[in-house]
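Here's the structure we're looking at; comments come further down.
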There are 2 protein chains.
Amino acid sequence: MESIVTMAKAEQTGSYKGSEKLRPEEMIYHEMLDAILDRRLEPGMKLVEEDLAKTFGVSRARIRATFLQLAHDKLINLVPNRGAFVSEPTIDEAIEVFSARRMIEDGVVRKVATNMTDERAAQIKTHLDREHDAHHRGDHRAAIILSGEFHLLLARLSGNLVIEEFLERLILRTSLIIAMYESPQPVDCSHTEHDQLLNALLSGDGDVAAAEMSRHLDAIRDRLQLQRPKPGKTDFASIFGRMPTSEAS
Amino acid sequence: MESIVTMAKAEQTGSYKGSEKLRPEEMIYHEMLDAILDRRLEPGMKLVEEDLAKTFGVSRARIRATFLQLAHDKLINLVPNRGAFVSEPTIDEAIEVFSARRMIEDGVVRKVATNMTDERAAQIKTHLDREHDAHHRGDHRAAIILSGEFHLLLARLSGNLVIEEFLERLILRTSLIIAMYESPQPVDCSHTEHDQLLNALLSGDGDVAAAEMSRHLDAIRDRLQLQRPKPGKTDFASIFGRMPTSEAS
DNA sequence: GCTGACATGATTGTTAACAATTTTGCATGC
DNA sequence: GCATGCAAAATTGTTAACAATCATGTCAGC
């Protein structure tokens, strides 16, 4: 199965097969990234260096370097002498990430709205077509990827590489949050919201665009179930609704 | 001599001597950070792993880990098989960093302005007093530190840890840019601009505060000499004003 | 005199072994 | 039965040695 991230990169560059030529270090980073965002590695799970080293056929040193990168993106937690654990973003953290995105992306769409050109509008429309396409095909996976890419596209159009890179990390973090807190029946109705965003951008009014982006991000956040986290492996008490007792008395 | 960063941390926590209890890894990171921001390590300078390892009395592995951190903050450049080099932010990068800060900090002051309380105003005023103090004492070094801390304080008051951390990195990057491009006679008149910012914040009007912050950041940028970078060690052509020829003919 | 191959030295990249720490399992005592 | 302490296993942290790569200096050839 293709990975979320390599697929996303392929969407950017337009060549999917080429992504296999990534340097091994990046390969491992992306593989772990995918596994985390796919919840194949569940939040809270311990990541043992040697196991991963064997799995990828590299030395522990490389795994440790990869850990540093992932920890910097807040996707794993590094505890001295204890090891690495997949991040379990708290509800408060989740809210802060969305709040941060609002602050950043408000500024982004303000810039994009006031600097809109026909070519850029066409770029956005092309992307929205792909989103609709994926949605009508029922390709939920691609829809999720493209949804994130949409926000990244706007950041790129704002013309600031610093913001773009930062937002990329924030979007990854958001993906982990969504994976952890999404409601049982996933709702990817965001593509219609993206349409509305384009309209707002085309109005050329920065305030209108910023308001629309805020509404959109709040909507994503509010679709999550930020009250009760999906229980992790270790949270037996909430799984069974009671504390453990002996089975046969 | 105290380091810029540990001094800054001390300002935050209120206890300077305690900063010596940092774990060795953080110690090394901060020492290198300081050296870069102080220009004891000049932009473009090669950082040899073994030399640094000997200097700090640690193994190369630790130095490599520190390199990853610094590279993530864009303070050094990591070139495969070639090594680590102190970053030489280009003029375009510098402009982008200031632009990114404008986007972020506009949002920050909007939030702070609309959520101002007496206590927060007092916090800011206390900080400004310290800035003025340093300035009147002629303590240029402390003035620079406190100037950066001012922006960080506003980010903290905005109540978003994600933004605060990101801005912290951006401020470090700005410090390197200033160190690289500052005009011959350093102008730290920014403390009066900070006063104006406080006034704008007290107005409670987000638009006013954002405009003031934009003006302030633009002013800092415009005080730099972003046309001609201060020549690095290797730029002999610009040092001597001509290309090398044989000395005795 | 200049260019390019080649050998040498310096530096980074990688691996494996060792040390320190934490976790786990078990026995002991209350 | 439960807590406490101890020993063993697992895991992380660190170091040193080796391999691969790159930079530098030398020398032959034009």
Side-chain angles (χ1 to χ4, degrees), chain A residues 21-32 35 41-42 44-72 75-88 232-236 243-249, chain B residues 21-32 35 41-42 44-72 75-88 232-236 243-249:
Chain A
K21 287 175 62 182
L22 285 173
R23 292 204 308 280
E25 44 207 28
E26 297 181 7
M27 222 259 295
I28 294 172
Y29 172 85
H30 283 121
E31 287 226 22
M32 293 192 59
L41 294 177
E42 296 183 24
M45 185 178 270
K46 172 79 183 290
L47 302 173
V48 178
E49 292 180 359
E50 198 165 345
D51 293 352
L52 287 166
K54 277 182 197 159
T55 300
F56 290 115
V58 299
S59 67
R60 272 177 57 212
R62 184 159 296 231
I63 297 295
R64 286 171 78 82
T66 304
F67 278 178
L68 280 181
Q69 301 287 98
L70 289 168
H72 211 269
L75 295 173
I76 69 172
N77 244 338
L78 245 38
V79 185
N81 287 321
R82 297 264 331 273
F85 303 83
V86 179
S87 282
E88 300 177 281
K233 224 177 201 170
T234 53
D235 193 4
F236 293 123
M243 298 308 286
T245 63
S246 64
E247 222 167 311
S249 63
Chain B
K21 287 175 62 181
L22 286 174
R23 294 204 307 281
E25 44 205 29
E26 297 181 7
M27 222 261 294
I28 294 171
Y29 173 86
H30 283 119
E31 288 228 22
M32 292 192 59
L41 294 176
E42 295 184 23
M45 185 178 269
K46 172 78 182 292
L47 302 173
V48 179
E49 293 180 358
E50 197 164 345
D51 293 352
L52 287 166
K54 277 182 196 157
T55 301
F56 291 116
V58 299
S59 68
R60 272 176 58 212
R62 184 159 296 240
I63 297 295
R64 286 171 77 83
T66 304
F67 278 178
L68 280 182
Q69 300 288 97
L70 289 168
H72 213 267
L75 295 173
I76 68 172
N77 244 338
L78 244 39
V79 184
N81 287 321
R82 297 265 330 275
F85 303 83
V86 179
S87 282
E88 299 177 280
K233 226 177 201 171
T234 54
D235 191 4
F236 292 124
M243 299 308 288
T245 63
S246 66
E247 223 168 312
S249 61

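So that the names make sense, note that chain A is the first sequence line, chain B the second, and so on, each numbered from 1.
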Which nucleotide sits closest to the side chain of [X]: [options]?
X     : options                : result
B/V48 : C/dT22, C/dG13, C/dT11 : C/dT11
A/R60 : D/dT14, C/dT11, C/dG13 : D/dT14
A/K46 : D/dT11, C/dT22, C/dT15 : D/dT11

Counting only heavy atoms not in B/K54, do more than 12 fall under 6.0 Å of its NZ?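 Counting other residues, nucleotides and ligands, NZ of B/K54 stays at 12 neighbours or fewer.
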Nucleotide [N], atom [atom2] - distance to [atom1] of [X] in whole Å:
X     : N      : atom1 : atom2 : answer
A/I76 : D/dT12 : CD1   : C1'   : 14 Å
A/E49 : C/dT14 : CD    : P     : 16 Å
B/F67 : C/dT11 : CZ    : P     : 12 Å
B/L47 : C/dA10 : CG    : P     : 19 Å
B/N81 : D/dA23 : CG    : C1'   : 12 Å
B/E50 : D/dA16 : CD    : C1'   : 11 Å
A/K54 : C/dT15 : NZ    : P     : 15 Å
A/M45 : D/dT11 : CE    : C1'   : 17 Å

Side chains of A/R62 and A/F56: does their closest heavy-atom pair fall under 4.5 Å?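 SC-SC contact between A/R62 and A/F56 ruled out.
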Give one of base, sugar-phosphate or nothing for B/L78, where a contact means two heavy atoms less than 4.0 Å apart. nothing
Touch class at under 4.0 angstrom, heavy-atom based, for A/I63 against every strand present: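 If one applies the 4.0 Å heavy-atom cut-off, A/I63 turns out to touch nothing in the nucleic acid.
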Looking at [atom1] of [X] and [atom2] of [Y], how far apart are the two atoms once the value is rounded to the nearest 0.5 Å?
X     : Y     : atom1 : atom2 : result
A/F85 : A/L41 : CZ    : CG    : 13.5 Å
A/L68 : B/R64 : CG    : CZ    : 11.5 Å
B/L52 : B/F67 : CG    : CZ    : 5.0 Å

Note: for A/S59 and A/R82 on DNA chain C, the residue whose nearest nucleotide lies more 5' is A/S59
For a quick test of reading the model: is some side-chain N or O of A/R62 closer than 4.0 Å to OP1 or OP2 of C/dT14? yes
